[in-house]
Amino acid sequence: MRIATWNINSLRARMDRVLAFLERHDVDVLALQETKAKPEQLDLTALQEAGYEVSAHGLNQWNGVALISRVGLSDVRTELPDVPSWPEDETGVVEARALSGVVGDGLRIWSLYVPNGRELEHPHYAYKLRWLEALRAEASRTLSEDPAARAVLVGDFNVAPMDEDVWDMSFFEGKTHVTEPERAAFRAVVDAGYADVVRPDHEGPGVYTYWDYQALRFPKKEGMRIDFVLGSPAVQSAVSGSFIDREERKGKGASDHAPVVVDLEF
DNA sequence: ATGGTCGAATGTCGA
């Protein structure tokens, strides 16, 4: 089974790229982030004609996540337990950042769009840390109930866990994504039993999944590694390969993120 | 040229 995760930065703007990507790489399950659409705004006809089931979760124009699967999609859950809604001091805004379902042979996959954090002093930064802790709690529960659970946490974590995951640490002084609290929150998820199953095959500086549209970051190879596939022990032992599809960042109409692909053989 | 981009519920914000 081939799974993938991709921050698509608007599914409506890039449906053609999604369809081509699924076909090109023979993908069974694709988790999307930043769909930037409510489900009723999406035309899923072409995906369904290609043999995929789709579950989309979007409540506003900002975020939104989706799961696309041709190997079953059942027991769909939206959002994490214990996650505070945002913003607490405003009204009428609810975010959609997590969606899970069971695919293939009993694999629970979470499509996750971790809050960006904006700036260190912004309330959204504290919200990001609380959100990551809620993710860790849910992930821990899954493995405490069944240590052999097949579970995978995929998506845009908006955290660069290591210095080598950004092109220049000095650029990020005083900025989000690289602070110790964010990295500790990320490590807590890993320490709960969910290893980065892509890094072992693609380690070292310059292995990125995101390049800002601005300032010619992509041609200058100035990127960040913030999109991950974190697998439970049962998933870790099933990984037979992985790659980051840098080609998808090229050309007109690209998302600012590249897809991350993992092959699993249970 | 000392910046350079996108997408959206666009005339501005969030990433």
Side-chain angles (χ1 to χ4, degrees), chain A residues 5-19 21 31-44 56-66 84-98 111-132 154-161 165-168 170-179 182 185-186 208-228 245-260:
Chain A
T5 180
W6 193 5
N7 180 321
I8 196 63
N9 186 22
S10 172
L11 178 51
R12 282 174 289 173
R14 259 172 279 288
M15 185 62 82
D16 289 350
R17 277 205 181 232
V18 168
L19 289 161
F21 168 76
L32 294 174
Q33 300 85 37
E34 279 204 86
T35 56
K36 291 189 174 175
K38 301 172 188 176
E40 61 267 28
Q41 294 176 305
L42 297 169
D43 180 1
L44 305 174
H57 180 41
L59 298 167
N60 59 30
Q61 71 274 36
W62 297 124
N63 32 62
V65 285
S85 61
W86 172 266
E88 294 171 326
D89 57 347
E90 296 175 33
T91 57
V93 178
V94 182
E95 303 206 319
R97 296 183 172 275
S111 180
L112 304 166
Y113 179 48
V114 176
N116 173 284
R118 302 186 186 179
E119 294 158 10
L120 299 189
E121 305 76 19
H122 197 285
H124 222 275
Y125 176 77
Y127 170 59
K128 177 181 193 174
L129 297 177
R130 299 213 309 280
W131 200 98
L132 282 165
V154 310
D156 178 358
F157 283 74
N158 271 316
V159 177
D165 296 334
V166 298
W167 80 91
D168 180 4
S170 68
F171 179 85
F172 287 89
E173 279 180 29
K175 293 191 172 74
T176 60
H177 291 61
V178 301
T179 66
E182 290 167 282
F186 181 90
Y208 304 135
T209 64
Y210 163 83
W211 299 260
D212 198 320
Y213 285 128
Q214 299 183 66
L216 298 178
R217 293 292 181 214
F218 185 63
K220 286 155 74 175
K221 304 187 188 310
E222 296 176 342
M224 304 172 72
R225 186 177 190 144
I226 54 178
D227 300 86
F228 297 97
D245 188 9
R246 221 176 146 276
E247 293 299 306
E248 270 298 344
R249 184 59 180 82
K250 296 179 180 176
K252 187 174 165 60
S255 169
D256 43 2
H257 293 250
V260 181

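Letters go in sequence order (proteins before strands), and every chain restarts at 1.
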Engineer: Is it true that the NZ or CZ of A:Arg217 lies under 6.0 Å from the centre of A:Phe171's six-membered ring and within 45 degrees of the ring axis?
Structural biologist: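 Judged by the rule (NZ or CZ under 6.0 Å from the ring centre, within 45° of its axis), A:Arg217 counts as positioned above A:Phe171.
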Engineer: Base, sugar-phosphate alone, or nothing: which one does A:Arg217 contact when heavy atoms must sit under 4.0 Å apart?
Structural biologist: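 A:Arg217: no heavy atom of the nucleic acid under 4.0 Å.
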Engineer: When the C1' atoms of B:dC6 and B:dT2 are compared, how many Å lie between them, rounded to an integer?
Structural biologist: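 Nearest-Å result for B:dT2 against B:dC6 at atom C1': 22 Å.
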Engineer: Can you find a side-chain donor-acceptor pair between A:Glu248 and A:Ser255 that sits under 3.5 Å?
Structural biologist: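 Distance-only check fails for A:Glu248 and A:Ser255.
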Engineer: Within this structure, what is the NZ-to-P distance between A:Lys36 and B:dT12, rounded to whole angstrom?
Structural biologist: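 Checked: the NZ to P distance equals 18 Å.
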Engineer: Report the distance from atom CD of A:Glu34 to atom P of B:dA9, rounded to the nearest whole Å.
Structural biologist: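 Going from CD in A:Glu34 over to P in B:dA9 covers 14 Å.
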Engineer: Over all strands shown, is A:Tyr113 touching base, sugar-phosphate only, or nothing at heavy-atom distances under 4.0 angstrom?
Structural biologist: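 Sugar-phosphate contact only - A:Tyr113 comes under 4.0 Å of backbone atoms but never of a base.
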Engineer: With nearest nucleotide decided by heavy atoms, which residue, A:Asp156 or A:Lys38, maps closer to the 5′ end of DNA chain B?
Structural biologist: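 Result: A:Lys38.
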Engineer: Given atom OH of A:Tyr125 and atom C1' of B:dA15, what is their separation to the nearest angstrom?
Structural biologist: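 Distance check: A:Tyr125 OH to B:dA15 C1' gives 18 Å.
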Engineer: Of the nucleotides B:dG7, B:dA8, B:dT5, which one has an atom closest to the side chain of A:Gln61?
Structural biologist: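 That would be B:dA8.
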Engineer: From the options B:dA9, B:dA8, B:dA15, select the nucleotide whose nearest atom is closest to the side chain of A:Arg118.
Structural biologist: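 The answer is B:dA15, which lies nearest to the side chain.
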Engineer: Across the strands shown, which category fits A:Lys252 at heavy-atom distances under 4.0 angstrom: base, sugar-phosphate, nothing?
Structural biologist: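 A:Lys252: no heavy atom of the nucleic acid under 4.0 Å.
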Engineer: Just how far, in rounded Å, is P of B:dT5 from CG of A:Asp256?
Structural biologist: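 To the nearest whole Å, that distance equals 13 Å.
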Engineer: What's the closest nucleotide to the A:Ser10 side chain, out of B:dA8, B:dA9, B:dT5?
Structural biologist: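 Shortest atom-to-atom distance from the side chain points to B:dA8.
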Engineer: Using the ring pair (Phe, Tyr, Trp, His ring centres under 6.0 Å) rule, pick out the option among A:Tyr210, A:Tyr213, A:Trp211, A:Tyr113 that qualifies with A:His257.
Structural biologist: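 The option that passes is A:Tyr210.
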Engineer: Measure from the side chain of A:Leu216, starting at C-beta and using heavy atoms only, and say which of B:dT5, B:dA15, B:dG4 lies closest.
Structural biologist: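 Ranking B:dT5, B:dA15, B:dG4 by closest atom to the A:Leu216 side chain puts B:dG4 first.
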Engineer: Rounded at 0.5 Å granularity, tell me how far CD1 in A:Ile8 sits from CD in A:Glu34.
Structural biologist: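 Result: 10.5 Å between the selected atoms.
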Engineer: Please give me the minimum heavy-atom distance between A:His177 and A:Ile226, naming the atom from each residue.
Structural biologist: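 Answer, listing the atom of A:His177 first, then A:Ile226: CD2-CG2, 4.2 Å.
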Engineer: Which of the following nucleotides, B:dG4, B:dG7, B:dA9, is nearest to the side chain of A:Arg14?
Structural biologist: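 When the side chain of A:Arg14 is considered, B:dG7 is the closest of B:dG4, B:dG7, B:dA9.
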Engineer: Give me the distance, rounded to whole Å, that separates B:dT10 from B:dG4 when you measure between the P atoms they each carry.
Structural biologist: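 Pairwise P distance, B:dT10 against B:dG4, rounds to 24 Å.
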Engineer: Please state the P separation for the pair B:dG7 and B:dG3 - nearest whole angstrom.
Structural biologist: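 Taking atom P in both B:dG7 and B:dG3, they lie 24 Å apart.
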Engineer: From the set B:dG7, B:dA8, B:dG4, return the single nucleotide nearest to any side-chain atom of A:Arg12.
Structural biologist: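 Out of B:dG7, B:dA8, B:dG4, the nucleotide with an atom closest to A:Arg12's side chain is B:dA8.
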Engineer: Measure from CD1 on A:Ile8 to P on B:dC6 and round the result to the nearest Å.
Structural biologist: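 So the CD1-P distance, A:Ile8 to B:dC6, works out to 15 Å.
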Engineer: Please figure out whether A:His257 or A:Asn9 has its closest DNA chain B nucleotide nearer the 5' end.
Structural biologist: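 Nearest-nucleotide comparison on DNA chain B picks A:Asn9.
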Engineer: Given B:dA9, B:dT5, B:dC13, identify the nucleotide with an atom nearest to the side chain of A:Trp62.
Structural biologist: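 Comparing B:dA9, B:dT5, B:dC13 against the side chain of A:Trp62, the answer is B:dC13.
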